[in-house]
Structures are given as C-alpha cells and as structure tokens.
Amino acid sequence: MSDNIFTQYISNRNTLVKNKKALQTTYIPDQLPHRTDQINEIVSIFSAALYGDKPSNIMIFGKTGTGKTAVMSYIGQELKKADPNEDKSVYVYVNCEVVDTPYSILYNIANQIIPDSEMRIPFTGWVTDKVYNELREYIDKKRKVFIIVLDEIDRLFAKAGEDIFYLLTIINEVLTNSKVSLVGISNNPKFIEFMDPKVRSRLGEVRIIFPSYDASQLEDILQARALMAFEDGILEDGVVPYCAALAAQDTGDARRSLDLLRIAADIAERNGDPSVTEAHVKSAKNKIELDAVAEVVRTLPSQSKTVLMSIIVNTEEGHNKMTTGMVFSTYKEVCNLIGCSILTQRRISDFISELDMLGIIYARVISLGRSGRTKEIELSISKDVINIIKNDDMFRNVSSYHPSKQMTLI
DNA sequence: TGTCCACTGGAAGGGAGGGCTT
DNA sequence: AAGCCCTCCCTTCCAGTGGACA
C-alpha cells in the first residue's frame, strides 16, 4: 500500500485493548454481577411462558446505569436459547425513548413479530385502532405467550398518556389462544403514581427495584469486563478501583464507570503509552465532563445560543457579573448584528433560567434596593466551551463587536 | 415606614407546525 | 385531503418582591 495520511496511524497503531467490545456499554456479558436476585426473580416469572401460562406483568425501577436494560437483554437472549424456534414464547423489546406515540409503539411491536411475508403495517396511514386490531388478531392466531418489554416507559407515558397502556393491559381479556405479558422499565418510580389506578395495578403486578451499585460492586463489574478486554499487565493496579470510585461518587452508574475505563484506554493508546494508569482515568474524566458540556452548548437552540453569546460578550468586556437587563440590551444588539428576530425580555429571562439549570451559567435572584430586583448572572463554563460558541458560524459578525455602554452595572 | 426600582415568574392565550383521525 | 388536536414557542399582562433610600 502506498503512503497516505492514514499510514502513520496504521503502522504505529498501539493496541492496548484486545477486545474493545467488552468495554462497550451495549455489550451483554455472560455474567451480570450483583444482579442475581433480580435475574432469578424475573426468570422465575418468565418461566411460566414456557409452560404456556401468562407471566405476571412486571415494572422494573432503577436509576441510570443500574443494569435494567442489560438484565432484560440477557434474559431475552436466554429465553431464546430455551425456546430457540419460538414455539412457546416470543420476546419483543421496544425502546420508548425512540418510539413514543401509540401508533409507533404498535407499529414497532407488530413489525417485530409479524414477518413481512404475512403482513406489513405501513409507517403511517392506518388508524391506531386498525393496527391494534391486526396485531391482536395476529397474536391470537399464533397461540403463544408474547413478552413485550417497554424500556423507558415513563417517556411514553409523558408523551402519549395512558391510553396505550390501557389497550396493552386489557389485551388479554380479548385474546382466547395467546397471552401477552408486559414488562415496563423506568428510572422514575414516581410516574406510575399518576396513572389510572386500574392500569397501574395491572401494569405493576410485580415491582422489582434495581438498587444503585456501590463502589465495590462497580469494581467487580469493571474487573470482569477488564479481564475480557485487556491482556495481563496492561491495566495498572489502581485503575479499576479508581474508575469504580469515581462512578460511585456520582450515582453508582455502571455505564459511567465503563466509559471512564474505555476512554482512559483510548487516551493511553493514542499517547502510545504501554499501560493504562490513573492519570489516564483522570484525563478521561475531564474529557467526559468537557464533552458533555460541549455537546449541550453545541446543540442549544439558536436563541438560547444568542443569549449565551451576549453573556460571553459582557464577560469579555470585564463584567463578570451582570443583570438580566444588561444581558437583554446586549442580546438585542447581537440579534441586530446576526440578523435574527428579537424576543421579549420575559422570554430571555426564561432562557437565562434554562441556561442556569443546565449549569452553563450561574444565576441567582438578588435585590439591588432602589435599583430593583433582578438576576445576578455569571458564566460557569471553561474557555474551551466558550470558544465553541464564539467560533459558531452564526456569530462570525460578533467577533469585533463591543456592547454599548451599560447604565446598570453591578 | 413608605416609596420606588427592575425586575421575577405565573397565567392566559395566539400562532405555527406536526401528527392523528376521518 | 381536510379537520382536529396537541405541543411548542412565544407574547402580553400583571401582581408580587427585596432592599436601598428618603
């Protein structure tokens, strides 16, 4: 192969990770440490399906990164192994973060279980009732137990209301040959309280809690993945406990601890280092935090970005702290420079509160006595993140701009 | 103690746009 | 295709507020 811009990276490739898949959060290992009780409970309920009985509906609650989705995927795989030809049971998984309307839920379930050769439900065009009826008829015809897993079910409830849950929970009353069992997964245990009591009790026949992992449990999980991913001697001794401790400090999120380990290994590889050290984990932590804020800032709506740019402009003029009025008058001038419409101060006040909630700025309500009551606003992002906004295409005319004299400086 | 300022933040409602239903 | 409904984004209105100041 002739030399080109990729050659040096290919020839100098330093691979510390022998099995990158094992460090992916989507990878489902053969063992899920510290989730045996939950797995056993769910399996004992699901086993009814293999005898043709209807398993109870289950609601699973637990914070992000507590293994809810991983456990359900694992059990789904195992169920398929126990019933490889789907003679008795069919396992269906739907992520309600992506699929969040009644029509799309039914469409998604139907297209997972009905082969194209038998029927294809169109992406749009049918009345929801028609999809429901077709799905119900197909399910009944098959004389099997259908286990339908609805991940992030609280999002579906927030977006689509409870009608879809009502339809799904009463389906067994109109089925004569088949049975449907529902599993809802949510990180918000409160949402079910807002449901109609009948739907609530049907949906949550059994409730299973996935507690957050503590540092030593996270360490076990990481250790198992590290064994799969790295050759001996590549990871320095303290690395796994350190990743586990950092993630445990947060919310006991196993996903976060895996991210730390994977990104630390990436950094070590790119530096050409022979092993992964705690220093690499520290860099990984900084990178994750910076990336998260940068991503939030990059994807802000344009009006929100303009408000943030106005705050940046004021800060660079030496006003580290400013009022809503100051931000608004700079905002109007920035709008004129970039040619976007000017919203009202009331609306800008909301944007300021949203930026505060996102942790991009710090805003608190203060009283300046005779000078009125307002918010005191200051930036709370790093230079790197500020540069992302300043280099945004929409602000190319703003680089040489200085705001008019502000009358109400703090 | 009352006044005043520069807002805050809740409420109501309009308009646009998108998805669902007929 | 047209109507309906919902959500989102925004405006308008306005009562309420904390503290400096007279």
Side-chain angles (χ1 to χ4, degrees), chain A residues 94-111 120-136 150 152-168 191 194-196 296-297 299-311 314 319-336 338-358 360-378 394 403-410:
Chain A
V94 183
N95 187 336
C96 303
E97 191 184 5
V98 191
V99 183
D100 58 5
T101 64
Y103 185 96
S104 61
I105 289 288
L106 297 172
Y107 165 83
N108 199 287
I109 296 169
N111 282 335
R120 191 76 195 158
I121 289 173
F123 176 67
T124 180
W126 283 12
V127 183
T128 307
D129 279 355
K130 184 173 178 185
V131 185
Y132 178 72
N133 290 334
E134 293 290 346
L135 178 63
R136 197 198 60 213
L150 301 170
E152 314 239 14
I153 192 173
D154 47 315
R155 288 177 190 254
L156 176 62
F157 180 65
K159 194 101 195 273
E162 64 189 351
D163 290 358
I164 182 66
F165 298 109
Y166 179 74
L167 287 178
L168 289 173
F191 94 95
F194 297 102
M195 278 187 165
D196 179 89
V296 170
V297 164
T299 55
L300 285 174
S302 59
Q303 282 287 353
S304 192
K305 263 187 200 167
T306 309
V307 174
L308 179 55
M309 184 63 191
S310 310
I311 296 169
N314 274 314
H319 311 311
N320 286 331
K321 292 179 177 176
M322 65 207 85
T323 63
T324 303
M326 288 169 71
V327 173
F328 184 59
S329 56
T330 308
Y331 159 82
K332 284 189 285 189
E333 291 177 15
V334 172
C335 281
N336 286 330
I338 65 174
C340 81
S341 56
I342 299 172
L343 305 181
T344 58
Q345 182 160 340
R346 174 72 188 82
R347 186 74 187 112
I348 298 315
S349 175
D350 280 342
F351 279 123
I352 290 171
S353 300
E354 282 167 25
L355 290 172
D356 176 41
M357 281 206 326
L358 290 169
I360 295 168
I361 61 171
Y362 175 67
R364 67 190 179 106
V365 178
I366 57 161
S367 175
L368 300 171
R370 273 250 159 133
S371 300
R373 198 163 165 262
T374 181
K375 281 198 189 98
E376 182 188 70
I377 300 154
E378 55 187 309
M394 66 184 281
S404 318
K405 267 233 166 329
Q406 308 279 348
M407 300 305 291
T408 49
L409 300 181
I410 292 181

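Predicted, not measured: the structure shown is a model, and the values here were computed from it. Order of the sequence lines fixes the chain letters, A, B, ..., with proteins taken first and strands second; residue numbering starts at 1 for each chain.
- Judged purely by atom type and a 3.5 angstrom limit, A:Q303 uses its side chain to pair as donor or acceptor with the backbone of A:S341.
- For the pair A:Q303 CD and C:dC8 C1', the interatomic distance rounds to 14 Å; values are reported in whole Å.
- The nearest whole Å value for the distance from the CD atom in A:E376 to the C1' atom in B:dC5 is 17 Å.
- By the side chain to side chain contact (heavy atoms under 4.5 Å, CB included) test, A:I342 pairs with A:Y331, A:K332, A:C335, A:N336, sequence neighbours left out.
- A sub-4.0 Å separation between OP1 or OP2 of B:dC7 and a side-chain N or O of A:T323 is present.
- Separating the CG atom of A:L167 from the P atom of B:dC20 is a distance of 14 Å, rounded to the nearest angstrom.
- Between A:K375 atom NZ and C:dG18 atom C1' there is a gap of 15 Å when expressed in whole angstrom units.
- Rounding to the nearest 0.5 Å places CG of A:L167 at 10.5 Å from CG of A:L135.
- Whole-Å rounding puts the A:I352 CD1 to B:dT8 C1' distance at 11 Å.
- Atoms CD1 and NZ, from A:I352 and A:K375 in turn, are 6.0 Å apart once rounded to the nearest 0.5 Å.
- Between A:I105 atom CD1 and B:dC20 atom P there is a gap of 12 Å when expressed in whole angstrom units.
- From A:N320, atom CG reaches atom CD of A:E376 across 10.5 Å, with rounding to the nearest 0.5 Å.
- Counting to the nearest Å, the P atom of B:dC5 and the CZ atom of A:R370 are 7 Å from each other.
- Rounded to whole angstrom, the span from the CZ atom of A:R373 across to the C1' atom of B:dT3 amounts to 17 Å.
- Between A:S367 and C:dA20, a side-chain N or O to OP1/OP2 separation shorter than 4.0 Å is absent.
- No side-chain donor-acceptor contact under 3.5 Å links A:S349 to the backbone of A:Q345.
- Of the residues in residues 342-351 of chain A, those lying under 4.0 Å from DNA chain B by heavy-atom distance are A:Q345, A:R346, A:S349.
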